[in-house]
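Remarks on the structure that follows.
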Amino acid sequence: MLIEALTLQLGYNATLVTIGATLLGLTAGAVGTFLYVGKRALVSDAISHATLPGIGLAFIAMVMLGGDGRALPGLLIGSALSAWVGLLCVSWLTYRTRLTEDAAIGAVLSVFFGAGIVLLTVIQSMRAGRQAGLEDFLLGSTAGMLWNDAVILAVGGAIVLGLVLLLHRPMALVAFDPDYATATGTDVRRTELAMMGLALAITVVGLKVVGLILIVALLIIPAVAARFWSDRVERVVLIAGGIGGVSGYAGAAVSASAPDLPTGPIIVLMAFGIFALSLLFAPDRGVLAVFLRHRRFQARVHVRQGLLALAQGQPIYERLTLRLMRRAGLIRADGVATETGKAQAARALLDERRWEILRADSRHEWAAARYDGLTPLERVLTPDQLVELDRSLRPEGV
Amino acid sequence: MNVTLAADHGVLTPVEARADAPLAVRGLTVSYGEKPAVFSVDATFEPGAMTAIVGPNGAGKSTLLKAALGIVTPLSGQITCFGQPMSKARARVAYVPQRASVDWDFPTHVIDVVTMGLYRQLGLLGRLKARQVTEAMDCLARVGMDGFADRQIGQLSGGQQQRVFLARALAQKADLYLLDEPFAGVDAATEKAIIAVLHEVKRQGKTVVAVHHDLATVPEYFDRVLMINTNVIAEGTVADAFTEANLHKAYGGRLATAQMRVAG
């Protein structure tokens with residue numbers, strides 16, 4: 001079943017859902033990166049919750065006009081409008097009042113969501129509202145996904161991706177250094193609104209698939225996971241898009257391969273799985289890499305200290321130092337230095353003496369700044385400079 | 001113009017402002033809440049000069065720069081840059097913000113920060129040409145940071161970060177450089193490197209304005225001084241304006257006598 005789902009052979013609906021979810025994941029990952037690096041991740045939560053009253057009002061309006069309250073384009077337009085109002089509220093509260101952004105987000109999110117739930121309850125009591133299925137927008141539902149829904153996702157996603165490409169420079173600049181952005185003529189507030197507008201757009205088109213409660217995960221998790229793999233924002237955007245796309249694709253396929261598996265939550269769990277792998281195993285920034293680097297560094301410090309102690313005939317007490325030196329063949333099991341150990345100890349001591357002279361000499365100020373107790377001086381100075389330095393060493397050294 | 005207004009207040013002797021001065025502010029007032037940080041400031045920054053903006057903590061030095069650049073919105077006042085409103089002259093202005101104003105964990109490399117100085121010129125989609133990358137590398141070399149192009153910015157020391165910001169400003173090839181405390185919290189080597197670059201910029205006929213904290217180095221580094229404490233205390237050449245009497249007016253009792261001796 002899973003293989004068939006992954007190769008899009010599980011029927012019309014499953015294929016539509018899988019393609020739609022892939023596009024959604026890709027776009028949400030790319031847009032979400034700008035929110036994340038600009039420390040605006042939570043704004044997306046306010047946006048998504050603020051869609052709910054719009055859905056309710058759009059339904060009521062369409063029914064009152066005699067149409068089908070469930071028409072998706074109408075519901076999406078309603079949700080976009082109310083999310084935009086929510087966004088403006090957050091922006092206004094943050095810029096014009098003493099409220100900080102997190103407080104503004106909390107206020108807007110809960111008020112809009114509360115209003116939305118009230119509207120849904122009202123709709124439940126309407127005759128046309130019994131089978132409206134508007135609750136599907138809370139957690140997403142792909143069971144009845146139609147060709148039109150997939151088209152909305154594809155077109156919406158493509159437009160949003162195009163705008164991300166167009167605006168990536170100002171958005172990155174504003175996220176990194178808003179004051180400099182202003183000084184070079186970028187309108188910071190408009191750029192931020194555009195960035196959040198893109199998040200809003202992708203939230204709205206993704207409502208049907210993952211639902212408004214979980215869409216924030218699709219905006220943020222891919223970006224956070226991608227950050228482990230690169231130190232450059234443009235690459236983080238690409239990687240986040242990739243992670244989002246893969247999560248959408250795999251999540252939709254998995255949920256299609258077994259009955260009653262909800263699509264949205266499975267997609268989010270897929271994204272989380274990739275995040276967890278990145279967190280643990282990413283080179284350089286992953287937890288494992290950081291741990292190993294720390295251990296290697298610790299070992300270098302201990303061996304260096306041990307060697308200096310050996311050279312000066314001082315006893316070594318620390319057990320970790322003894323173990324590391326034994327393993328490196330610098331001392332024997334009984335703690336006596338081996339030939340290698342003696343040679344390396346002498347070199348370490350010489351190095352330390354050279355550093356001492358260097359650091360006392362103002363002409364070597366730039367090199368002295370590189371002293372960390374570990375770096376051999378040979379790596380800082382040229383051989384000629386070393387010979388020069390050793391001249392002042394000899395009289396007392398021999 | 002508000003020159004007369006300021007004169008009426010007895011704040012300063014009005015200097016006949018050159019219409020095309022690199023930067024001129026008239027009657028500039030900026031307030032956070034209802035306490036003005038900068039009040040009715042008139043100042044003209046001379047072309048080709050290096051001017052220090054000095055004054056005690058909270059005197060509005062950084063605010064003055066930020067208002068001139070439109071980063072904070074003034075309550076009143078006029079700002080002209082080379083005789084034009086700032087919005088029309090941005091291509092000629094480079095700003096070096098305070099180092100603490102950004103998140104250094106941001107995913108970007110040193111070279112990427114320098115090329116931000118070219119964004120205006122590149123537009124939204126223009127691709128970075130090889131020649132521009134070389135120029136950006138040259139800017140890094142001028143501040144002694146060419147060996148660090150591919151480092152993530154968070155791995156740099158404070159002084160190195162400051163030099164990268166200066167390199168970004170150099171990449172803009174501006175005519176007016178506005179620096180906000182470029183020497184705050186940097187090592188001695190960086191301070192020397194930055195001042196050397198700024199003097200070189202000045203020799204090319206460009207104008208430098210820096211918010212400066214260390215009174216002891218003012219006569220050595222700068223030609224002119226704008227001394228403020230909410231309003232203007234003194235403006236002019238170092239010899240004319242940077243006097244003990246003016247320092248007393250600006251700093252009151254807050255000026256350490258040791259600092260005074262060096263300065264005076």
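Each chain gets a letter, A, B and so on, in the order the sequences are listed, and its residues count up from 1.
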Hydrogens and angles aside, do T63(B) and Y32(B) bring a side-chain donor and acceptor to less than 3.5 Å of each other?
yes

Under a 3.5 Å cutoff, is there a donor and acceptor pairing between the side chains of R227(A) and T33(A)?
no

Residue, of Q172(B), Q152(B), R90(B), that accumulates the most heavy atom pairs under 4.5 Å with chain A
R90(B)

By a 4.5 Å heavy-atom criterion (distance strictly below it), what part of D187(B) contacts chain A: side chain, backbone, both, or neither?
neither

Select, from K39(A), R98(A), E234(A), the one with the greatest count of heavy-atom pairs under 4.5 Å involving chain B.
K39(A)

Honestly, the part of V37(A) sitting under 4.5 Å from a heavy atom of chain B is both

Is it the backbone or the side chain of I111(B) that comes under 4.5 Å from a heavy atom of chain A, or both, or neither?
side chain

Can you tell me which portion of V72(B) sits under 4.5 Å from chain A's heavy atoms? Options are side chain, backbone, both or neither.
neither

Where on A181(A) is there a heavy atom nearer than 4.5 Å to chain B: the side chain, the backbone, both, or neither?
neither

Assess the residue pair R235(A) and W229(A) against the criterion (side chain to side chain contact (heavy atoms under 4.5 Å, CB included)); give the C-alpha distance rounded to whole Å, side-chain angles, the decisive distance to 0.1 Å, and a yes or no.
CA-CA 9 Å; R235(A) 281 186 210 160; W229(A) 299 93; over 6 Å; no

Tell me yes or no: between the side chains of Y221(B) and E191(B), is some donor less than 3.5 Å from an acceptor?
yes

Determine, for D284(A) against R293(A), whether the closest basic-nitrogen to carboxylate-oxygen distance falls under 4.0 angstrom.
yes

Just verifying a value: how many Å separate I153(B) CD1 and H109(B) NE2, rounded to the nearest 0.5 Å?
9.5 Å

